[in-house]
A.B. asks: 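I am attaching a structure below and will ask some questions about it afterwards.
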Amino acid sequence: MGRIFTLDEARALMPQVRAVTEPVYTLAASLAEELTHAEDAKDEARAENLRDRLQTLVEIWQQSMQDLEADVKGLWLVDFDSGDGYWCWAYPEESLDHWHSYEGGFRSRVPADQRPGVQA
């Protein structure tokens, strides 16, 4: 089992999470736009290069999040284990304000202060 975070501990990491995620997201969006143009132009060599660059960029982002002990649950989506679920953040949210159960996932998340059974 990985690290268990209080809400305050997880929130303390958010400046780092955002500092890594924002520029990576921006670069990924730019590469994705270039990829669309390359695919439209049927430039397969360029498209393949851009796919590889995007894949590498996402892998670097994922590793950066794991280095912060966050669980990557999707593209630009990270969770911090609360011991009974996850504190949940998705880019471009400004702060870490949601929680969901282990079983429930992102779609079942609730405001952190409405976490069942425990005060946030």
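We count residues from 1, following the sequence as given. Bear in mind that the values here come from a model prediction, so they are computed numbers and not experimental data.
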A.B. asks: Pair Y102, D81 - check side-chain contact (heavy atoms from CB on, under 4.5 Å), show working.
C.D. replies: CA-CA 9 Å; Y102 291 132; D81 195 334; 2.6 Å; yes
A.B. asks: So which heavy atom on F5 is nearest to which on W87, and how close?
C.D. replies: O-NE1, 3.0 Å
A.B. asks: Over all heavy atoms of both residues, which pair between S82 and D84 is shortest? Give the atoms and the distance, please.
C.D. replies: OG-OD1, 2.7 Å
A.B. asks: More than 12 non-hydrogen atoms from neighbouring residues, nucleotides or ligands closer than 6.0 Å to CD on E9, yes or no?
C.D. replies: yes
A.B. asks: Can you give me the closest heavy-atom contact between A112 and R11, atom names plus distance?
C.D. replies: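 Taking A112 first and R11 second, the nearest heavy atoms are CB-NH2, 4.5 Å.
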A.B. asks: Might you point out which heavy atoms bring V78 and A70 nearest each other, and give the distance in Å?
C.D. replies: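 The pair with the smallest heavy-atom distance is CB-CB, 4.2 Å.
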A.B. asks: Membership question, hydrophobic clusters at under 4.5 Å side-chain separation (ILVMFWY): are W99 and Y91 in the same one?
C.D. replies: yes
A.B. asks: Could you see if F106 belongs to whatever hydrophobic cluster contains W61? Use Ile, Leu, Val, Met, Phe, Trp, Tyr and a side-chain cutoff under 4.5 Å.
C.D. replies: no
A.B. asks: Calculate, to the nearest 0.5 Å, the distance between atoms CG and CG belonging to D40 and L35 respectively.
C.D. replies: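 Going from CG on D40 over to CG on L35, the span is 9.5 Å.
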A.B. asks: Spell out, yes or no, whether L77 and L27 are grouped together once hydrophobic residues are joined by side-chain heavy atoms under 4.5 Å, including indirect joins.
C.D. replies: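 L77 and L27: separate clusters.
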A.B. asks: Distance from D97 atom CG to Q114 atom CD, nearest 0.5 Å?
C.D. replies: 11.5 Å
A.B. asks: Please report the interatomic distance OG1(T56) to CZ(R51), rounded to the nearest 0.5 Å.
C.D. replies: 13.5 Å
A.B. asks: Do E59 and Q55 get their side chains close enough for a donor-acceptor pair, meaning under 3.5 Å?
C.D. replies: yes
A.B. asks: Just verifying a value: how many Å separate E34 CD and E39 CD, rounded to the nearest 0.5 Å?
C.D. replies: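 Reported value, rounded in 0.5 Å steps: 12.0 Å.
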A.B. asks: Measure the acute angle between the ring planes of H100 and Y86, then classify it against the limits of 30° and 60° as parallel, tilted or perpendicular.
C.D. replies: tilted
A.B. asks: To check you understand the geometry: which heavy-atom pair defines the closest contact between S64 and V20, and what is its length?
C.D. replies: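 The pair with the smallest heavy-atom distance is CB-CG1, 3.8 Å.
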A.B. asks: So which heavy atom on A28 is nearest to which on L54, and how close?
C.D. replies: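 Answer, listing the atom of A28 first, then L54: O-CD2, 3.5 Å.
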A.B. asks: Under the side chain to side chain contact (heavy atoms under 4.5 Å, CB included) test, which residues partner E103, sequence neighbours left out?
C.D. replies: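 Side chain to side chain contact (heavy atoms under 4.5 Å, CB included) list for E103, sorted by chain: S101.
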A.B. asks: Please name all residues satisfying side chain to side chain contact (heavy atoms under 4.5 Å, CB included) with R53, sequence neighbours left out, ordered by chain then number.
C.D. replies: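 Applying side chain to side chain contact (heavy atoms under 4.5 Å, CB included) to R53 gives L31, N49, L50.
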A.B. asks: Give a yes or no answer on whether the side chain of T36 reaches the backbone of A32 with a donor-acceptor pair at less than 3.5 Å.
C.D. replies: yes
A.B. asks: Among the clusters formed by ILVMFWY side chains lying less than 4.5 Å apart, do W89 and L75 turn up in the same one?
C.D. replies: yes
A.B. asks: Would you please test H37 and R46 for side-chain contact (heavy atoms from CB on, under 4.5 Å) and show each step?
C.D. replies: CA-CA 10 Å; H37 293 304; R46 178 145 176 74; over 6 Å; no
A.B. asks: Partners of L68 by side chain to side chain contact (heavy atoms under 4.5 Å, CB included), sequence neighbours excluded?
C.D. replies: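 With neighbours one apart ignored, the set is L13, Q16, V17, M65.
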A.B. asks: Checking K73 against C88 for the side-chain contact (heavy atoms from CB on, under 4.5 Å) test, could you report, in this order, the C-alpha distance in whole Å, the side-chain angles of both residues, the deciding distance, and whether it holds?
C.D. replies: CA-CA 9 Å; K73 298 297 182 163; C88 179; over 6 Å; no
A.B. asks: Measure from the side-chain N and O atoms of R18 to the backbone N and O of E93, and report whether any donor-acceptor pair falls under 3.5 Å.
C.D. replies: yes
A.B. asks: Just checking, is any N or O donor in the side chain of T6 or D8 under 3.5 Å from an acceptor N or O on the other one?
C.D. replies: no
